[in-house]
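As the structure lists them, so they are numbered: ligands from 1, and atoms in each ligand from 1.
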Amino acid sequence: MPGVIGLYKFRVTQDQMSDIKSEIKKEVARRKTFAIISHPDAGKTTLTEKLLLYGGAIRLAGSVKARKANKYAVSDWMEIEKQRGISVTSSVMQFDYSGFCINILDTPGHQDFSEDTYRTLVAADSAVMLIDGAKGVEAQTIKLFHVCKLRGIPIFTFVNKMDRASKDPFELMEEIERVLGIRSYPMNWPIGTEGDFKGVYNRKLKQIELFDGGEHGQSQVSSTVGKADDPVFADLLGSHYHDKLCEDIELLDMAGDEFDKKKIRSGELTPLFFGSAMTNFGVQPFLEEFLELAPSPGIVDTAEGEVDPESDKFSGFIFKIQANMNPTHRDRLAFLRICSGKFSKGMSVKHMNTGKEIRLSQPQQFMAQERTIVDEAYAGDIIGLFDPGIFNLGDTLFEGNGNVRFEGIPIFPAEYFARVTPADTMKRKQFIKGIDQLSEEGAIQVFKQIDIGIEALIIGVVGALQFEVLEYRLKNEYGVQLRLQNLPYRHARWIENEGLDPRKLNLPSTAVIVEDKLGRNSILFENEWSIRMAEERNKELRLVDIATQD
Ligand code: G4P
């Protein structure tokens, strides 16, 4: 096929080339690819649904919820998903709004919290941090936030459920700074936070937007708006609320951070929005501000130099692999984030890791709820590729000669560990095959206890549900029943020191030395306290909690 491609290229005239370039430039500029990070129940499903509603991707609120609530129409989700009504696999939703092309990366957040949740963030250009106004910053949000922080992507905060009693907004700002180490800039300010929500003051437009209860978000609603000093509002709100609002705003203007787009773009300052996804209050203003402030796909640094998203050469990396999505076909789907150029169905690209030319013939895209075949896609988009078993996490695909290698996908620290063996020793071969497959997908982390050998594999996962998925998939896809013994470890740390023999370390008795699948030394600890003890007892020891895939 390369000959045909070469001929095709030969025939492209200079004019056509500049047309392609300006088309790519235009398409990249209108793309916004982001993930929503939150703790379960903060309202991610509800907010996603409202965003899709504005984009016209769904007509009636409830459709996304219905999926969550176990009303799957498609039969190719794993049985376990259907049983529990949860999404084990993270997916992507694309829709157009006001000239923008928006890709929302879904981050599984309930019991199905897994490495996929973290990994998805590697494919996002920004994140929306959703916080329940009454609960503040919660555990899962903290973990996901740190991954975003590590990547330096901009984070937009939406404080949800303001229609109910919430924490004091100043207290929330203080909490965000104390717990997450990021300063915030309130874009709007709530009026009435004790279950008496009246609306918000929009700081940019200097206007009040009144809450009228909404229609429980079944459709788009408008709110009454007007200047804060309009006596109508003093009347409408009553002097108690109006005076308090004026005081709060004065305080924010005087003592708060200044609005700084640069700091927002570098992830040092988070714009803060108050609203209510359920009643649809504040969602549209949020979306519009977000689209203005959030970055389009940017330049990516690689060892071989910068990759410009507007380049006419296609490139991308695989950030997620999902096997056996359809049990009747042994298929693997590799999710690729496009980093530059344009994808066209049937195009040939180079698989960096094998050096092979691959034709991308049946790629999938994810529109709101169904998968469709995609003909064209641009930097910022996610496409699903049928994988004949050649792709690994972090693999680079690109068009043209030369070399591009995107940085490996990080391995995030597992938090649950179990010793895993096949119940029937005769099934050892299938067992290893299944474990290898799931480890390649990144669904599990495989460790080998030093000195004990291959018989005693320790499996680490980020979310406890992954053990159920592991048992289920090994049984159903490989015919192997597992014996699973939960272990008390909660933290994995990789040893950075080269040439250091871990057996010579003075470790707490509860810690165990293991090797990961790449033969790197790591230590499993039961708690933070023993990590500190290991570091104190071994001054030269350097431990890291995130390693790279390879
Ligand atoms: P998640 O995906 O983050 O887990 O949250 P989800 O959207 O499922 O929302 C969790 C619960 O919070 C839901 O209630 C939802 O209706 C509610 N919720 C979301 N946004 C708001 C909001 O702005 N205000 C209020 N008051 N509630 C909100 P549920 O009772 O669990 O489900 P349902 O019966 O409402 O479907």
Closest candidate by heavy atom, reference atom 17 (C) of ligand 1, pool Lys161, His39, Gln140, Glu49: Lys161
Atom pairs and distances, side-chain donor-acceptor, residues 152-167, under 3.5 Å, sequence neighbours left out:
| unit_1 | atom_1 | unit_2 | atom_2 | d |
| --- | --- | --- | --- | --- |
| Thr157 | OG1 | Thr270 | OG1 | 2.7 |
| Asn160 | OD1 | Ala277 | N | 2.7 |
| Asn160 | ND2 | Ala42 | O | 2.8 |
| Lys161 | NZ | Asp41 | O | 2.7 |
| Lys161 | NZ | Asp132 | OD2 | 3.4 |
| Asp163 | OD1 | Ser276 | OG | 3.1 |
| Lys167 | NZ | Glu175 | OE1 | 2.7 |

Ligand 1-proximal atoms of Thr45, by part, heavy-atom distance under 4.0 Å: both
Nearest atoms (heavy-atom pairs only) where Phe417 meets Ala492: CZ-CB, 3.8 Å
Closest candidate by heavy atom, reference atom 3 (O) of ligand 1, pool Lys44, Lys50, Met162: Lys44
Under 3.5 Å: N/O of Gly275 near N/O of ligand 1: no
Considering all heavy atoms, the nearest Phe170-Asp248 contact: CE1-OD1, 3.6 Å
Shortest non-hydrogen separation from Gly463 to Tyr416 and the atoms involved: C-CD1, 4.0 Å
Within the 6.0 Å centroid threshold, strictly below: Phe290 and Phe273: no
Region of Asp41 engaging ligand 1 - heavy atom pairs below 4.0 Å: both
Listed partners of Arg30 passing side-chain hydrogen bond (donor to acceptor under 3.5 Å, both in side chains), at least two apart: Glu27, Asp96
Those atoms of ligand 1 less than 4.0 Å from some heavy atom in Arg164: 26 (N), 27 (N)
Subset of ligand 1 atoms that lie under 4.0 Å from at least one heavy atom of Ser276: 22 (C), 23 (O), 24 (N)
Side chain to side chain donor-acceptor pair (under 3.5 Å) evaluation trace for Tyr97 with Gln284: CA-CA 11 Å; Tyr97 177 82; Gln284 193 168 17; 2.9 Å; yes
Min N/O separation Thr46 to ligand 1 under 3.5 Å: yes
Atoms of ligand 1, numbered as shown, that sit under 4.0 Å from any heavy atom of Met278: 16 (O), 20 (N), 21 (C), 22 (C), 23 (O), 24 (N), 25 (C), 26 (N), 27 (N), 28 (C)
